[in-house]
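Note that the structure is a prediction, hence the values are computed from the model and not measured. Start at 1 with the first residue, then count along the sequence.
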Amino acid sequence: MDLAVGSTNPVKVDAVERTLERFEPAVTAVAVDSGVPEQPWSIEETVTGAETRARRALEATDADYGVGLEGGVARLEGVPGLSLIMWAAVTDGERLERGGGPTLSLPDEVAARLEAGAELGPVMDDRLGTDGIAEADGAAGVLTAGLTSRTQALGEAVACAFGPFVAAGDVTRTTDESRCY
Ligand SMILES: O=c1[nH]c(=O)c2ncn([C@@H]3O[C@H](COP(=O)(O)OP(=O)(O)OP(=O)(O)O)[C@@H](O)[C@H]3O)c2[nH]1
Ligand SMILES: [Mg+2]
């Protein structure tokens, strides 16, 4: 099974490879424009970014599926403050499915800097004195003290978006006698 991921961020590629390893996919990372701001500021923008990445990754390759992953922030109804959200989208060129990943609250001082127009990754790096936390544990890992990680969290979104294709019987586990199709 060939997959095209609409990002060259190794955390996103890793999330796809780990979640779907049972299908032994050949994964190609494709740099694509998400079509949304660098820092998505709503569920809608985040979902749209994931969808656009999935479609453009598939268009750029002859993969079986395009996978898009987008992180964003949003003020969620019923949840105080600003939340980190993440969404995945998977398309086979005809059908597109979406899945959400874990959500967590961002510290008020981080929220204030994002409100002022900053991007989450750089803000986290500045707070932690790191370089490229978004391509490592991520805010998801740091803010949960390692109980999860950005890779693991994004992997849950991938599972929710790819699952419908598996449940529909479009994809089967690779074994000696059968193959993904
Ligand atoms: O430290 C972080 N931990 C996270 O858990 C996380 N989730 C999202 N972001 C940040 O939100 C913006 C859009 O995210 P994003 O989907 O564009 O990802 P990205 O920019 O890292 O990769 P990519 O654009 O090369 O695919 C970027 O500023 C990301 O840094 C995170 N930063
Ligand atoms: Mg980005």
Listed once per pair and sorted, the side-chain hydrogen bond (donor to acceptor under 3.5 Å, both in side chains) pairs that draw on residues 27-49, sequence neighbours left out: none
Under the rule for salt bridge (charged side-chain N to carboxylate O under 4.0 Å, His left out), what residues qualify as partners of E77, not counting sequence neighbours? none
Would you indicate whether the side-chain heavy atoms of D64 and D92 approach each other to under 4.5 Å? no
Would a hydrophobic clustering, with Ile, Leu, Val, Met, Phe, Trp and Tyr connected at side-chain separations under 4.5 Å, put V123 with I133? yes
Other than V36, what residues sit in its cluster of Ile, Leu, Val, Met, Phe, Trp and Tyr side chains whose heavy atoms are under 4.5 Å apart, directly or through others? none
Just so I know, are the side chains of V67 and T91 near enough to count as touching, which here means a heavy-atom distance under 4.5 Å? no
Non-hydrogen atoms of G99 and A161 that approach each other most closely: N-CB, 3.6 Å
Residues in side chain to side chain contact (heavy atoms under 4.5 Å, CB included) contact with P102, at least two apart in sequence or another chain: M86, A153, E156
Transitively linked via ILVMFWY side-chain contacts under 4.5 Å: I43 with V79? yes
Salt bridge (charged side-chain N to carboxylate O under 4.0 Å, His left out) filter on E119, not counting sequence neighbours, yields none
Check the hydrophobic clustering (I, L, V, M, F, W, Y; side-chain heavy atoms under 4.5 Å; chains of links allowed) and say if V32 and L58 are grouped together. no
R98: side chain to side chain donor-acceptor pair (under 3.5 Å) partners, not counting sequence neighbours: E51
Of all heavy-atom pairs linking C160 and G100, the shortest is SG-O, 4.0 Å
Residue pairs meeting side-chain hydrogen bond (donor to acceptor under 3.5 Å, both in side chains), one or both in residues 2-16, sequence neighbours left out, come to D14-R18
V16 backbone acceptor or donor facing T19 side chain under 3.5 Å: no
Taking side chain to side chain donor-acceptor pair (under 3.5 Å) as the test, write out the residues that go with D125, two or more places apart. T130
Spell out, yes or no, whether V73 and V11 are grouped together once hydrophobic residues are joined by side-chain heavy atoms under 4.5 Å, including indirect joins. yes
Under a single-linkage rule joining Ile, Leu, Val, Met, Phe, Trp and Tyr whose side-chain heavy atoms are separated by less than 4.5 Å, which residues share a cluster with L96? none
To the nearest 0.5 Å, what is the distance between CH2 on W87 and CD on E70? 13.0 Å
Give the minimum heavy-atom separation between A4 and A63, together with the two atoms involved. N-CB, 3.7 Å
For the OG1 atom of T103 and the CG atom of L106, what is their distance to the nearest 0.5 Å? 10.5 Å
Set of side chain to side chain donor-acceptor pair (under 3.5 Å) partners for D126, sequence neighbours left out: R113
Can any side-chain N or O of S83 pair as donor or acceptor with the backbone N or O of I85 at less than 3.5 Å? no
Using side chain to side chain donor-acceptor pair (under 3.5 Å) as the criterion, list what pairs up with S105, not counting sequence neighbours. none
Output the distance between atom CG (D137) and atom OG1 (T151), rounded to the nearest 0.5 Å. 7.5 Å
Value for CG (L143) from CZ (R127), rounded to nearest 0.5 Å, stands at 7.0 Å
Residues at least two apart in sequence or cross-chain that pass side chain to side chain contact (heavy atoms under 4.5 Å, CB included) with A167, listed by chain then number, are none
How far apart are the closest heavy atoms of P25 and L3, and which atoms are they? CB-CD1, 3.6 Å
When you compare the side chain of V30 with that of V5, does any pair of heavy atoms fall below 4.5 Å? no
Check the orientation of Y65 and F162. Use parallel for under 30°, tilted for 30 to 60°, and perpendicular for over 60°. perpendicular
Which pair of non-hydrogen atoms, one from A140 and one from T148, has the smallest distance, and what is that distance? O-CG2, 3.6 Å
Spatial distance of atom CD (E97) from atom CZ (R95) [nearest 0.5 Å]: 4.0 Å
V13 reachable from F23 in the ILVMFWY side-chain graph, under 4.5 Å edges: yes
Between L104 and A139, which heavy-atom pair has the shortest distance, and what is it? CD1-O, 4.4 Å
Tell me if a side-chain donor or acceptor on R53 pairs with a main-chain N or O of G6 at a distance below 3.5 Å. yes
